[in-house]
Amino acid sequence: MSTGQPVLTLVQGDITLQSADAIVNAANSSLLGGGGVDGAIHRRGGPAILEECRALRASLARAGNPLGRGLPTGQAVATTAGRLDAQWVIHTVGPVHSTTDDRSPLLASCYRESLRVADELGARTVAFPAISTGAYRWPVDDAARIAVTTVRATETAVEEIRFVLFDGRAYEVFATHLGG
Ligand code: AR6
């Protein structure tokens, strides 16, 4: 596996309209869909994604997943991308932000594990949303710092890592961290 430095790029918009080898979903442990990016990916990608998610859940249960509740926080798995302009969706489960315990290693793990899965698949371009910054309430500035420092520190054969931010403020915050 060649491990040059990936190019980090930034786009403001809807991640479901991106063209990439793999699009990362900010999912939840159930893998059965939800709101935010997750809802948008399932809506635009169509039912094939949910079908594979159900099969993955079943195999996680058979494998004796200790939590017995699907995909643990910080891990990642891939499915088809259905009708999205991508080959795969990589589903990862971000941590809910906490003011009492530091869950940043779990957020970093989402980026690292997603890139590990991307490498296994042979993906060259990977689009990430700002994991945990919506329903899971992670402050965007801290989430952007963790995202950027983690992908910079991860060895990967992925050639382009694209951050896709829905709103202008998140875009500006990520731009600051990428520029620094
Ligand atoms: N494209 C790009 N970014 C988006 C899009 C989109 N189409 N839609 C929302 N965002 P969230 P989380 C941004 O809530 O915080 C779901 O119900 C959004 O503005 O999607 O990891 C799951 O099922 C925010 O900045 O993910 C889980 O239960 C960022 O994406 C839970 O929410 C992440 O917001 C996961 O929460």
Side-chain angles (χ1 to χ4, degrees), residues 3-28 34-45 49 71 73-79 81 84-97 103-180:
T3 53
Q5 275 298 98
V7 177
L8 308 189
T9 57
L10 195 57
V11 168
Q12 185 182 346
D14 181 342
I15 200 166
T16 67
L17 300 176
Q18 291 292 303
S19 169
D21 292 338
I23 291 175
V24 176
N25 181 18
N28 60 61
V37 184
D38 199 5
I41 283 177
H42 283 284
R43 260 193 315 277
R44 199 178 296 271
I49 301 176
L71 189 67
T73 304
Q75 295 192 22
V77 289
T79 65
L84 298 180
D85 190 6
Q87 292 197 58
W88 304 282
V89 170
I90 298 175
H91 307 261
T92 189
V93 183
V96 176
H97 186 259
R103 300 182 180 163
S104 47
L106 286 169
L107 185 55
S109 172
C110 288
Y111 288 94
R112 226 176 4 253
E113 285 296 301
S114 296
L115 289 173
R116 187 184 60 71
V117 170
D119 280 337
E120 276 177 12
L121 296 166
R124 292 289 180 261
T125 53
V126 179
F128 279 98
I131 299 164
S132 286
T133 64
Y136 288 174
R137 303 186 307 274
W138 207 291
V140 174
D141 184 61
D142 197 46
R145 178 187 60 76
I146 292 165
V148 171
T149 55
T150 303
V151 303
R152 281 197 172 131
T154 303
E155 276 200 19
T156 175
V158 170
E159 289 163 8
E160 183 195 351
I161 295 172
R162 191 183 310 152
F163 294 107
V164 183
L165 290 319
F166 212 34
D167 63 81
R169 189 181 156 260
Y171 177 91
E172 294 303 331
V173 169
F174 269 74
T176 304
H177 284 277
L178 282 169

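Predicted model only: the values in this text are computed from it and were never measured. Starting from 1, each residue takes its place in the sequence as its number.
The two residues A118 and V158 come nearest to each other via the heavy atoms CB-CG2, 3.8 Å. Residue L165 comes nearest to A130 through the heavy atom pair CD1-CB, 3.6 Å, listed as atom of the first residue, atom of the second, then distance. Scanning both residues, L121 and W88, for their nearest heavy atoms gives O-CH2, 3.4 Å. In this structure, V89 and A81 approach most closely via the heavy-atom pair CG2-CA, 3.8 Å. Looking at every heavy atom in both residues, C110 comes nearest to G94 through SG-CA, 3.6 Å. Scanning both residues, P95 and Y136, for their nearest heavy atoms gives O-CB, 3.6 Å.
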- Verdict with reasoning, R137 to V96, per side chain to side chain contact (heavy atoms under 4.5 Å, CB included): CA-CA 7 Å; R137 303 186 307 274; V96 176; 3.6 Å; yes
- Where do R162 and I15 land on the side chain to side chain contact (heavy atoms under 4.5 Å, CB included) test, with the steps shown first? CA-CA 10 Å; R162 191 183 310 152; I15 200 166; over 6 Å; no
- Should F163 and V148 be marked as a side chain to side chain contact (heavy atoms under 4.5 Å, CB included) after you check the CA-CA gap, both sets of side-chain angles, and the distance that decides it? CA-CA 9 Å; F163 294 107; V148 171; 4.3 Å; yes
- Task: Any chance you could lay out the side chain to side chain contact (heavy atoms under 4.5 Å, CB included) test for R152 and L178, step after step, and finish with the verdict?
- Result: CA-CA 10 Å; R152 281 197 172 131; L178 282 169; 4.1 Å; yes
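Side-chain contact check for P129 versus V24: some heavy-atom pair is nearer than 4.5 Å. Within the 4.5 Å cutoff, side-chain heavy atoms of D141 are placed close to those of H177. Looking only at side-chain heavy atoms (C-beta outward), D14 and F166 come within less than 4.5 Å of each other.
Without hydrogens or angle criteria, T79 side chain to I49 main chain gives no donor-acceptor distance under 3.5 Å.
Taking OG1 of T156 as the start and CG of L115 as the end, the distance is 5.0 Å to the nearest 0.5 Å. Note that the CD1 atom of I161 and the CG atom of L10 stand 13.0 Å from one another [nearest 0.5 Å]. T176 OG1 to Y171 OH: the interatomic distance, rounded to the nearest 0.5 Å, is 10.5 Å. Rounding to the nearest 0.5 Å places CD1 of I23 at 9.0 Å from OG1 of T125. Between the NE2 atom in H42 and the CG atom in L84 there is a gap of 10.0 Å [rounded to 0.5 Å]. Atoms CG and OG1, on L106 and T73 in that order, are 6.0 Å from each other to the nearest 0.5 Å.
Under a 4.0 Å N-O distance rule, the pair D142/R145 qualifies as a salt bridge. No salt bridge links E172 with R169; every basic N to acidic carboxylate O contact stays at or beyond 4.0 Å.
Under the rule for a side chain to side chain donor-acceptor pair (under 3.5 Å), the partners of R44 that lie at least two apart in sequence or sit in another chain are T16. Checked against side chain to side chain donor-acceptor pair (under 3.5 Å), D21 has no partners two or more places apart in sequence or in another chain.
The aromatic rings of H97 and W138 stand perpendicular to each other, their planes meeting at an angle above 60°, with 30° marking the opposite boundary.
Side chains of T9 and E160: a donor-acceptor N/O pair is present below 3.5 angstrom, by distance only. Counting only N and O atoms by type, the side chains of H91 and D38 include no donor and acceptor under 3.5 Å apart.
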